[in-house]
Structure formats: structure tokens, C-alpha cells
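Input: a single structure, listed below in C-alpha cells.
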Amino acid sequence: MAEKVVLVVGGGGREHALCMELSRSKHVTELHCAPGNAGTSSLATNHPISASDIEGLLDLTKNINADLVVVGPEAPLCAALADRLEQMKVPCFGPVSKLANLEGSKLHAKQVMRAANVPTAPFHVLSKGSDIDAALDDFSGHPWVVKRDVLAGGKGVVVTKDRTEAYSFIQSSIEKDGQVLLEDFLPGEEASMLVIMDGSGFVCLPASQDHKRAYDGDKGPNTGGMGAYCPAPVVSDIVHQRTVETIIKPMHDYLLSTGTPYRGVLYVGLMIPDSGRPNVVEFNVRFGDPECQITLPLLKTDLYEVLAAASSDRLAEIDVQFHDMFTATVVLAAEGYPESPVKGRPIQGSLEPIQSDGVSAWVNHAGTGFDEQGQLISTGGRVLSCSASGPTLEASVKLAYELIESIELDGSHYRGDIAFRALSTP
Ligand code: AMP
Ligand code: GLY
């Protein structure tokens with residue numbers, strides 16, 4: 001057994017989930033997290049270095065003599081953290097900046113999909129002087145989908161039936177960014193497929209479904225994600241097979257043809273219409289949050305082995321296996337989230353894991369920290385999530401809700417209908 005030092009970059013629920021699985025690895029003897037949160041502090045050594053402080057992260061990597069750096073969020077990848085680690089010959093789970101641009105620029109992602117012949121919505125690129133009315137007429141009869149071509153932290157997309165709103169978002173985006181995308185609306189049900197990739201191959205993790213709107217019934221503003229469950233039945237065997245044949249394999253081939261292997265996880269946001277022929281809504285170059293929290297627990301193979309293999313083009317050599325279980329997670333959001341979350345409030349009640357009839361539930365910390373008295377407090381919009389894993393989706397969802405009901409945070413809210421699509425499927 002080798003003794004490995006691992007650094008996880010980031011400080012949200014996704015990074016707590018990564019630390020939880022890595023702390024169970026038989027290979028990992030030292031775990032570090034930068035900056036981490038209250039949850040990671042009990043599994044790893046937290047370092048007060050922001051995920052956007054590339055120089056600070058490189059110094060830390062050297063100081064702790066890391067064998068592997070696992071990058072949670074997209075921003076440090078777009079800012080070339082993986083490129084710099086490659087120069088230092090430190091294995092990194094997360095792609096180099098030119099490949100991370102698949103998330104950094106929606107136009108680039110569209111151009112790659114076109115080049116790789118991957119199904120996605122038709123689109124227009126609009127800039128100063130473009131005929132906005134003609135473009136809106138071209139995609140009329142649906143809601144309009146307008147996407148800014150920048151990393152906008154989930155706030156760069158407007159889907160609207162209101163022509164004036166679409167028009168003004170197009171205009172303001174052109175003013176800010178120089179150009180903007182107008183996409184045809186894709187009907188259907190969304191699902192997230194996380195695909196671990198390297199130069200030797202790829203492994204699809206079980207598909208999940210996120211709940212992006214703030215309130216029950218998919219109402220209210222868009223958020224980073226209010227809950228998720230896995231596996232998502234909308235990705236049936238045939239949909240899975242088509243996704244691999246028409247999207248994942250062509251993308252892997254295309255990325256290989258660029259001459260630089262994609263070493264990390266490609267998040268494929270799918271839209272699955274009634275025909276069962278999936279389209280790509282978006283690519284992200286990282287694990288989804290909260291999809292990560294409910295996907296990693298289904299991995300039977302040691303997570304360190306998978307991530308270390310993918311960071312050095314050895315993925316094809318390992319047999320990645322999964323548990324036949326169902327997971328769900330429910331996000332506890334701060335008062336005012338997503339518009340203006342209230343931070344710094346005490347979190348009380350029981351955060352201890354619970355078990356019942358073969359189901360386990362636990363807390364994934366996200367925006368949590370400690371105040372000067374050592375009291376657990378909220379520090380972000382998505383504060384934590386309660387996750388569960390069990391032999392049926394119903395049982396996992398039930399226990400996740402039981403756990404969240406035991407936690408108190410003034411003004412907080414959570415959705416009461418996580419996994420409703422799967423649970424209402426006959
Ligand atoms: P994105 O940031 O590209 O994932 O877009 C945010 C959300 O907007 C997605 O999760 C979808 O719900 C919705 N969306 C984006 N593009 C489309 C599209 N072409 N058709 C329908 N909905 C879309
Ligand atoms: N849960 C959606 C995302 O991570 O982008």
C-alpha cells in the first residue's frame with residue numbers, strides 16, 4: 001500500500017463529498033483541502049487559500065509534496081492550474097485550460113460540438129450590428145434561450161417567452177461581452193452524465209438528475225442546484241447507449257485529436273426529448289454540485305485509484321465498478337438564496353449520520369464554517385445538503401428528509417419534492 005498525499009481544491013459540497021470518499025481510500029494517508037469548509041476540516045487539513053489563488057495553490061502543492069491534486073471548481077482550471085501542475089510534473093485531476101474552455105466559453109463548446117458532430121440546439125452568434133429581431137423570429141414559437149459567452153457562475157442563461165426580456169438580455173450581454181448566443185429551445189427532461197476521461201479511455205458514472213429551480217414543482221429562480229438523485233431513470237439503457245454512441249465517444253475522440261488528453265471529468269448536461277434521442281445542453285469541466293454528492297457514493301472502486309489513473313492516462317487499465325443502490329440529496333439553502341443569501345447564522349440540531357433499514361444518511365457540508373467561539377455557522381447560499389443511499393430511491397429520499405428536518409438554521413429553505421420525476425414514474 002502506497003502512502004499518498006492528496007490536495008482537493010475548492011470549498012463546497014462537492015469538495016466535501018470528494019474528501020469523504022478520498023478519506024476512505026486505502027491509498028490516501030494525508031488529505032488536504034483549500035480552502036475547504038467545516039465538513040472537510042474533520043477529514044482533511046484545511047488551508048485558507050482561495051480556489052482562485054493559483055500561485056498560492058502551487059506553493060501549497062509543493063509544500064505538502066502532493067501526489068495528486070483534485071480540482072473541484074472550473075475557475076482554477078480555466079485559469080490554467082492544471083497546465084502549471086503539469087509543468088511541475090504533479091498529476092492533476094482536471095483538464096488543462098484550453099480544454100477547460102469547453103465550460104469557459106459556450107460558443108467554443110458549440111463549435112466543438114459542431115466539429116465533433118454531437119447533437120445540440122441550433123444557435124446564432126449575435127454581436128454589435130446583428131439583426132436581433134430576425135434571429136428572434138428564426139427561433140419563435142418557443143421560449144428563447146439566450147446564453148452569455150463567459151463564466152457567469154450559473155447566471156449567464158435566460159430562458160424566456162417574453163420577447164422584450166430576451167431582446168434586452170441580448171443587448172446587455174453584447175454590451176458587456178461583445179457577443180452572445182441565441183439558441184433554439186430543446187424540449188424534454190434534463191439529466192447529468194459525469195464522464196471520467198483521460199487519453200486512454202472514459203468511464204460513465206451513473207446518470208443523475210439535478211433540480212435547478214429554487215422551489216417545489218420547478219418554480220422560482222435558477223440556482224446552483226437544490227437537490228439531486230441517482231440513477232435517473234430518464235437515462236434508460238437505450239438512452240444511455242445513444243448518449244455514449246452519439247455524444248461521449250465522439251467527444252472523447254475529438255478531445256484526443258486536439259493532441260492534449262482531457263484528464264478529469266466531463267459533465268454532460270443532457271436534454272432527453274420524448275424520442276429518447278439525447279441532445280447536449282451544456283458541458284462543464286468538473287463534477288456537478290450537488291450531483292457529485294450522490295454519484296460518488298455509488299462508486300465501488302477506490303476513488304483515489306480512479307482519479308489517479310485518469311490523471312495519468314491509465315484509466316483503461318482499471319475496472320471501475322458501481323454499487324447497485326439509489327442515492328438522493330436535499331440542499332438546505334440560506335434565507336434569501338439565490339438572490340442575496342444571509343450568511344453568518346448558527347446551524348443547530350443534529351448533523352450526525354443516521355441509519356435505518358439498510359439506508360444511510362449523512363450531511364454534506366457546503367457553505368459552512370466556524371465562528372470565533374467554535375460555533376458552526378452558515379457562510380454561503382447553499383449551506384449543506386442531506387444525502388442518503390439505500391436499496392430503493394423512496395427509502396433514500398425519505399431518510400434524507402428525516403435528517404434535514406433535524407437541522408435548524410433560521411430562515412433556511414429546502415425543496416420538498418426532490419426526485420419527484422422518478423418517484424411519480426409508473
Ligand atoms: P446552461 O448553463 O447552459 O446549463 O443552461 C442553464 C439551464 O437553462 C439548463 O439547465 C436548462 O434548464 C436551460 N437550457 C439551456 N439551454 C437550453 C436549451 N437549448 N433548451 C432548453 N433549455 C435550455
Ligand atoms: N448542478 C449543476 C452544476 O453543477 O452545474
Side-chain angles (χ1 to χ4, degrees), residues 10 12-15 17-18 71-75 77 100 102-110 113 118-124 135 138-139 141-161 166 169 173 180-194 205 207-214 218-230 232 234 264-273 278-296 329-331 333 338 364 366 381-382 385 387 415 418 421:
R14 167 183 49 215
E15 288 75 24
L18 284 162
V71 186
E74 65 281 8
L77 295 168
L102 274 178
E103 179 166 354
S105 161
K106 295 205 183 270
L107 176 57
H108 174 68
K110 283 291 198 186
M113 284 187 262
V118 162
T120 187
F123 66 100
H124 287 290
D138 199 22
F139 293 148
H142 304 298
W144 287 281
V145 181
V146 187
K147 297 188 174 181
R148 289 183 62 195
D149 190 32
V150 290
L151 267 187
K155 297 201 174 67
V157 178
V158 163
V159 181
T160 180
K161 288 185 178 157
F169 190 64
S173 303
V180 68
L181 286 166
L182 175 68
E183 261 189 41
D184 204 1
F185 179 80
L186 296 166
E189 194 174 326
E190 284 184 78
S192 312
M193 182 99 108
L194 303 175
L205 305 184
S208 54
Q209 194 168 60
D210 183 15
H211 298 62
K212 287 196 172 124
R213 300 293 188 129
D218 287 339
K219 303 272 185 331
N222 245 322
T223 70
M226 293 296 291
Y229 65 98
C230 187
V234 65
V265 58
L266 184 68
Y267 170 128
V268 185
L270 296 170
M271 186 68 85
I272 300 144
N279 273 283
V280 175
V281 175
E282 63 165 338
F283 289 125
N284 294 320
V285 297
R286 50 171 174 81
F287 286 108
D289 187 341
E291 290 94 328
C292 183
Q293 290 86 313
I294 40 91
T295 307
L296 294 186
T329 195
V330 184
V331 170
N364 282 113
R382 289 189 292 173
S385 74
S387 309
R415 276 184 63 158
I418 296 306
R421 284 199 179 78

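Values below: every heavy atom of this structure, side chains too, minus hydrogens, waters and symmetry copies. Small disclaimer: the values here were computed from a predicted structure and weren't measured. Both counts, for ligands and for their atoms, begin at 1 and track the order of listing. All residue numbers refer to positions in the sequence shown, counting from 1.
Atoms of ligand 2 found under 4.0 Å from any heavy atom of D210 (numbered from 1 in listed order, with element): 1 (N), 2 (C). Counting atoms of ligand 2 from 1 in the listed order, those under 4.0 Å from a heavy atom of G224 are 1 (N), 2 (C). Of all atoms in ligand 2, numbered sequentially from 1 with element shown, those under 4.0 Å from a heavy atom of E291 are 1 (N), 2 (C), 4 (O). The distance from ligand 1 to the heavy atoms of E183 drops below 4.0 Å at these ligand atoms: 16 (N), 18 (C), 19 (N). Those atoms of ligand 2 with a heavy atom of R286 less than 4.0 angstrom away are 3 (C), 4 (O), 5 (O). Ligand-side atoms of ligand 1 in range of F185: 20 (N), 21 (C), 22 (N), range being under 4.0 angstrom from any heavy atom. Near G288, with a cut-off below 4.0 Å to any heavy atom, the atoms of ligand 2 are 4 (O). The contact set between ligand 1 and M271, taken as ligand atoms under 4.0 Å from a residue heavy atom, comprises 21 (C), 22 (N). Set against the non-hydrogen atoms of K212, the atoms of ligand 1 under 4.0 Å away are 10 (O). Listed by number with element, the atoms of ligand 2 under 4.0 Å from a non-hydrogen atom of N284 are 5 (O).
For D184, the closest heavy-atom approach to ligand 1 falls below 4.0 Å. For the ligand labelled ligand 2, residue Y267 lies inside the 4.0 Å heavy-atom shell.
Residue-to-ligand polar distances place D289 within reach of ligand 2: an N/O pair is separated by less than 3.5 Å. Considering backbone and side-chain atoms alike, L186 places an N or O below 3.5 Å from some N or O of ligand 1. Considering backbone and side-chain atoms together, N222 places no N or O closer than 3.5 Å to any N or O of ligand 1.
Salt-bridge annotation for K110 and D149: absent, with no side-chain N of the basic residue lying under 4.0 Å from a carboxylate O of the acidic one.
Checking side-chain atoms of R382 against main-chain N and O of G224 turns up a donor-acceptor pair under 3.5 Å. A distance-only check finds no donor-acceptor pair linking the side chain of T329 to the backbone of G227 [under 3.5 Å]. Formation of a donor-acceptor pair under 3.5 Å by the T120 side chain with backbone atoms of V280 is found in this model. Panel note: side chain E190, backbone Q209; no donor-acceptor pair is recorded below 3.5 Å.
The shortest non-hydrogen separation linking W144 to F139 is NE1-O, 3.5 Å.
The distance from the CD1 atom of I294 to the OG atom of S208 is 4.5 Å, given to the nearest 0.5 Å.
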Exercise. What's the verdict on side-chain hydrogen bond (donor to acceptor under 3.5 Å, both in side chains) for D210 and S192, showing C-alpha distance, side-chain angles and the deciding distance?
Worked result: CA-CA 7 Å; D210 183 15; S192 312; 5.6 Å; no
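Between M193 and the choices L205, L266, L270, the side-chain contact (heavy atoms from CB on, under 4.5 Å) rule is met once, by L270. With Y267 as the partner, the side-chain hydrogen bond (donor to acceptor under 3.5 Å, both in side chains) test is satisfied by one option alone out of E291, E103, E74, R286: E291.
By heavy-atom distance, the residue among V157, L181, V159, N279 lying nearest atom 5 (O) of ligand 1 is V157.
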